[in-house]
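Structure first, then comments.
Counting convention: from 1, in listed order, for ligands and their atoms alike. Everything quoted here is computed from the prediction, not taken from an experiment. The figures that follow rest on heavy atoms only: side chains count, while hydrogens, waters and symmetry mates do not.
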Amino acid sequence: MAKPGRLAVLERVQDLREQHEVDLAIMNAENLAGGFSVTPSLCEQLFASGIDVMTSGNHIFDKKEAIEYIRKQPRLIRPANYPPNTPGNGVWTGEIRGTKAAVINLMGRVFMPPSDDPFRVADAVLDSLAIETKVRIVDMHAEATSEKVAMGWYLDGRVSAVVGTHTHVQTADERILPQGTAYLSDIGMTGSYSGVIGMNKSDVIARFTSATARRAEHSSGQVRICAVVVDVDESTGQAIEIQRLNLSHEQ
Ligand SMILES: [Fe+2]
């Protein structure tokens, strides 16, 4: 989320990769640039610093330059259940040290902008993947925990992990579902916790209390890094362990 979150990722990603023996590092990038969308240079900086794949969500096209960039950068994906002609892809596939992997981005429909049915789209995306692609990670970008939990159960045993984003508030319900899918309703936000989900608190309060409020700026200070580490058995695609991280980060 905005500059505080971005700097925290840049400063800690290599260290966290080593500490947790991370083979594939995925971040949700929809709030990268000032809280809204991405710029090509910020994405490239993060890709060069240890991020492998970026997912996104409802804010991905808030900046016009994201449209051209996502067409030529397959490591940045957008919700797979956006309309069919939307620039970019809803899934990334690649190989990590000889293991085929896929990252899938879905967006919920409860209290969210209109989009296609993420459940049916998830079925279609999974059908399109090669059978050898056993490691499958889903970012379920959604507001409602009920819709996220439902997606977790719907995909249990068919993907390695379903982890939620969008609310910026981490939930404490991590577990491995019976068929081997790691699940967490929301990873939470990497960014400043001195405001309201990353935005300046007086700006946001003004938006709730007046009719003339301006656009909010991002907040600064009280930075935390929120993440989840999933250990996947690459021969089966089943999750072995899920660990939630919520670290304070001095800036
Ligand atoms: Fe979002």
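Inspection of the S37 and H59 side chains reveals no N or O donor paired with an N or O acceptor under 3.5 Å. For the 3.5 Å distance criterion, the side chains of H166 and N58 qualify, holding a donor opposite an acceptor.
Within the sub-2.8 Å shell of the Fe ion (ligand 1), the protein contributes these N/O/S atoms: E30 OE2, N58 OD1, H141 NE2, H166 ND1.
Scanning for side chain to side chain donor-acceptor pair (under 3.5 Å) contacts around R12 gives D15, with sequence neighbours left out. In this view, S235 and D233 satisfy the side chain to side chain donor-acceptor pair (under 3.5 Å) rule, not counting sequence neighbours. The side chain to side chain donor-acceptor pair (under 3.5 Å) check on K100 picks up E95, with sequence neighbours excluded.
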Item to check | L24/V103 under side chain to side chain contact (heavy atoms under 4.5 Å, CB included): CA gap, chis, key distance, verdict | outcome: CA-CA 10 Å; L24 173 62; V103 180; 4.2 Å; yes
